[in-house]
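As structure tokens, the structure follows; a few thoughts come after it.
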Amino acid sequence: GDGLAVKYADGGGSGSPSNITDSMFFKNNGQIQVNATSESVGGRVVIKHNVNYNTTDFDDDPTLYLLNDDRTTGVSEAAIVLAGRNTAGSTYRAAISGNGSTGLKFYTSNNAELDDTPAMLINGSGKVGIGTNSPKQFLSVLGRASFDVQGDYYGAWIDGNSDGSSSFNVGVWHNAG
């Protein structure tokens, strides 16, 4: 074959297995397949799962379950980190972390240091924060929010701060970052 197969047998009741199936396969190209040996797709890890989430709660039978069991920090979060490097060796990262209590946090970073400020989060109450760790409304944006249909610097934007200097603007605007 072209790799190493880990087999599963269901016992069969008579001491001999009645149904032997591949449950995990390590291909010689480095790909790991879980219940997916008949699939010919790219990627390093392929997990195949057959569940109807219209009739099954996703917590009862998830395709992938990540658990951080660190109990020293109060409420631990699991994370998925997506990373790549450029030709100069700089690391660029995007990450998703969270749990049911803290919600989901989305990070972006173009440096090697971990920045604990998420670019966006959805907290445990369902409030979305962009540029803020503590959204006060269902959508809280720290910074200018603009609405530009064609991307030509003409549209509507909102500026405001806590000292009462707030405005709703329509017309030509200049991207100040």
Side-chain angles (χ1 to χ4, degrees), residues 1-85 91-110 113-143 145-147 149:
D2 64 341
L4 171 68
V6 177
K7 307 276 186 179
Y8 170 78
D10 70 359
S14 63
S16 64
S18 63
N19 185 15
I20 298 176
T21 58
D22 290 345
S23 60
M24 187 177 290
F25 193 74
F26 299 88
K27 294 181 76 171
N28 62 7
N29 67 0
Q31 186 182 65
I32 300 170
Q33 297 178 328
V34 180
N35 295 328
T37 56
S38 64
E39 301 298 321
S40 59
V41 296
R44 288 291 168 212
V45 178
V46 179
I47 301 172
K48 183 178 177 181
H49 191 45
N50 186 11
V51 63
N52 181 348
Y53 287 121
N54 291 321
T55 59
T56 303
D57 184 60
F58 68 89
D59 277 342
D60 294 337
D61 195 5
T63 302
L64 179 64
Y65 192 99
L66 301 176
L67 174 65
N68 178 356
D69 200 30
D70 175 16
R71 298 174 189 191
T72 64
T73 59
V75 178
S76 63
E77 299 180 351
I80 298 172
V81 177
L82 310 167
R85 290 201 171 101
T91 301
Y92 294 84
R93 288 190 321 268
I96 303 169
S97 73
N99 63 38
S101 174
T102 62
L104 289 173
K105 300 174 185 175
F106 299 85
Y107 298 89
T108 58
S109 174
N110 63 354
E113 298 298 320
L114 178 62
D115 183 0
D116 288 337
T117 305
M120 183 178 88
L121 68 85
I122 304 170
N123 70 16
S125 300
K127 293 181 179 176
V128 176
I130 300 174
T132 177
N133 284 332
S134 54
K136 304 285 188 265
Q137 304 297 325
F138 284 107
L139 175 61
S140 294
V141 178
L142 181 61
S146 63
F147 307 91
V149 175

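Predicted model only: the values in this text are computed from it and were never measured. By convention here, the first residue in the shown sequence is residue 1. Hydrogens, waters and symmetry mates play no part in the numbers below; they use all other heavy atoms, side chains included.
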Atom pair CG/OG of Leu121 and Ser134 - distance to nearest 0.5 Å: 8.5 Å
Heavy-atom side-chain proximity of Val128 to Met120 below 4.5 angstrom: yes
Closest non-hydrogen atom pair between Ala79 and Leu66, with its separation: O-CD1, 4.1 Å
Backbone of Phe25 reached by a side-chain donor or acceptor of Gln31 within 3.5 Å: no
Closest contact, heavy atoms only, Val81 versus Ala95: CG2-CB, 4.1 Å
Minimum-distance pair of heavy atoms, taken over all atoms of Ile122 and Phe106: CD1-CE1, 4.3 Å
Main-chain N/O of Glu77 paired with Asn68 side-chain donor or acceptor, under 3.5 Å: yes
Side chain to side chain, Leu82 and Ile96, heavy atoms closer than 4.5 Å: no
Heavy-atom pair of closest approach, residues Tyr107 and Ser97: CE1-OG, 3.4 Å
Atom of Ala119, atom of Thr108 and distance for their closest heavy-atom approach: CB-OG1, 4.0 Å
Atom CG of Asn52 with >12 non-hydrogen neighbours under 6.0 angstrom: yes
Nearest heavy atoms of His49 and Pro62, plus distance in Å: NE2-O, 3.7 Å
Spacing of NZ belonging to Lys105 relative to CG belonging to Asn123, to within rounding of 0.5 Å: 10.0 Å
Spatial distance of atom OG1 (Thr63) from atom NZ (Lys48) [nearest 0.5 Å]: 12.5 Å
